[in-house]
Amino acid sequence: MDRVLDLTAIVQQEVEDYAKGGSAKAITYPVSDHERRTYTVVVVPDRPRPFPARIVVMARIIDGTVVIDEDTTDRPLVNELMRAGIPREQIVLAYAGETLPDDSRS
């Protein structure tokens, strides 16, 4: 049980780190859904909007595996998660076409 809590805490912290900083032209918001163990950062540009609001990075935890659904950063979340101690074998890059061993889980 502690291992699952540690994994959840690591993923949440690493994803939310992408909401720090930002710029004068946009605001980043961390969005966490603890029940579904899904963690996201959304960027919302100031007006006039040069681009629509969008997901910057999104990860969720499924059966002890971290699934990264989106990562549009120049600092890949997979690298940050591995630095934090999560093995690469426990991370799926869904945005790059990787799938869970049993892709029927969601």
Side-chain angles (χ1 to χ4, degrees):
M1 184 70 156
D2 287 336
R3 195 166 170 83
V4 172
L5 292 175
D6 289 345
L7 179 63
T8 300
I10 290 169
V11 172
Q12 181 179 2
Q13 179 61 51
E14 294 301 325
V15 169
E16 287 182 357
D17 278 351
Y18 286 86
K20 294 178 180 172
S23 73
K25 296 181 181 182
I27 300 171
T28 53
Y29 297 96
V31 180
S32 298
D33 181 341
H34 299 291
E35 186 177 324
R36 292 183 183 95
R37 293 172 36 191
T38 302
Y39 306 95
T40 307
V41 171
V42 176
V43 62
V44 179
D46 287 338
R47 295 189 185 275
R49 292 191 168 178
F51 56 87
R54 63 183 172 83
I55 293 173
V56 174
V57 65
M58 178 178 172
R60 56 195 163 108
I61 302 168
I62 300 173
D63 295 333
T65 299
V66 179
V67 178
I68 303 175
D69 291 300
E70 187 68 77
D71 189 343
T72 61
T73 71
D74 59 359
R75 183 174 53 104
L77 177 59
V78 63
N79 295 343
E80 300 303 320
L81 294 174
M82 289 189 305
R83 268 190 270 264
I86 299 173
R88 176 61 175 95
E89 301 78 37
Q90 206 172 337
I91 302 169
V92 172
L93 306 180
Y95 69 90
E98 295 180 8
T99 59
L100 288 164
D102 176 5
D103 202 21
S104 63
R105 294 179 287 178
S106 53

*Just wondering, do Asp46 and Ile27 contact through their side chains at under 4.5 Å, heavy atoms?*
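Answer yes - side chains close enough.
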*asked:* What I'd like to find out is whether the side chain of Val41 reaches to under 4.5 Å of the side chain of Ile55, using heavy atoms alone.
replied: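 Answer no - side chains too far apart.
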Of the non-hydrogen atoms in [X] and [Y], which two are nearest, and what is the gap between them?
X: Ala19; Y: Thr28; answer: O-OG1, 2.6 Å
X: Val44; Y: Ala53; answer: CG2-CB, 4.0 Å
X: Ala84; Y: Ile10; answer: CB-CG2, 3.6 Å
X: Leu7; Y: Gly64; answer: CD2-O, 3.7 Å

*Among Val78, Val92, Val11, which one satisfies side-chain contact (heavy atoms from CB on, under 4.5 Å) with Ile68?*
Val78
*Applying side-chain contact (heavy atoms from CB on, under 4.5 Å) between Ile86 and each of Gln90, Glu89, Arg88, report the one that passes.*
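The residue from Gln90, Glu89, Arg88 that satisfies side-chain contact (heavy atoms from CB on, under 4.5 Å) with Ile86 turns out to be Gln90.
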Among residues at least two apart in sequence or on other chains, which ones pass side chain to side chain contact (heavy atoms under 4.5 Å, CB included) with [X]?
X: Gln12; result: Glu16, Ser32, His34, Tyr39
X: Asp69; result: Met58, Arg60, Val67, Ala94
X: Asp33; result: Glu35, Arg36, Thr38
X: Thr72; result: Arg54, Val56, Glu70

*Quick one: which residue pairs count as a ring pair (Phe, Tyr, Trp, His ring centres under 6.0 Å) with a foot in residues 67-91, not counting sequence neighbours?*
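For residues 67-91, and leaving out neighbouring residues, there are no ring pair (Phe, Tyr, Trp, His ring centres under 6.0 Å) pairs at all.
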*Hey, could you give me each pair passing ring pair (Phe, Tyr, Trp, His ring centres under 6.0 Å) that has a residue in residues 50-72? Not counting sequence neighbours.*
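Qualifying pairs, neighbours excluded: none.
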*asked:* So, taking the atom named CG in Leu100 and the one named OG1 in Thr65, what distance separates them when rounded to the nearest 0.5 Å?
replied: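 Taking CG in Leu100 and OG1 in Thr65, the distance rounds to 6.0 Å.
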_Those residues that, when tested against Arg75, pass side chain to side chain donor-acceptor pair (under 3.5 Å) (two or more places apart)_ = none
_Once salt bridge (Lys or Arg N to Asp or Glu O under 4.0 Å) is applied, do any residues pair with Glu14, and if so which ones, sequence neighbours excluded?_
none
*Does Leu77 offer a backbone N or O that forms a donor-acceptor pair with the side chain of Tyr18 under 3.5 Å?*
yes
